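As the structure is a computational prediction, the values presented were derived from the model and not from experiment.
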Amino acid sequence: MKPDSKIQKIFKKVRIEEQGNDFKYWQTQPYETRLETLEKIRQEYHLWKYGTEPGLQRVYKIVKRG
């Protein structure tokens, strides 16, 4: 995006009864698209919450040497 361009917010006020159904929309999408979108949401959440992607956890086992 160019630094001098602006993002315009657009919204439409509707009654709750007239509100669209996201579930119906996503059910019409192929599973690849749904998985790709879910992965993007997961990555964005981790970046927002933790500032980085999580790595593998280290597992330590304490062994008593006698």
#### Entry: Rounded distance [0.5 Å steps], CD in Glu18 versus NZ in Lys12
8.0 Å

#### Entry: Connected hydrophobic set around Val63, excluding itself, where side chains approach under 4.5 Å
none

### Task
Supply the members, apart from Trp26, of the Ile/Leu/Val/Met/Phe/Trp/Tyr cluster built from side-chain contacts under 4.5 Å; use none for a lone residue.
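Members other than Trp26 - counting any ILVMFWY side chain reachable under 4.5 Å - are Tyr25.
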
### Query
So which heavy atom on Gln29 is nearest to which on Arg34, and how close?
O-NE, 3.1 Å

#### Entry: Listed once per pair and sorted, the side chain to side chain donor-acceptor pair (under 3.5 Å) pairs that draw on residues 38-48, sequence neighbours left out
Glu39-Arg42, Glu39-Gln43, Arg42-Glu53

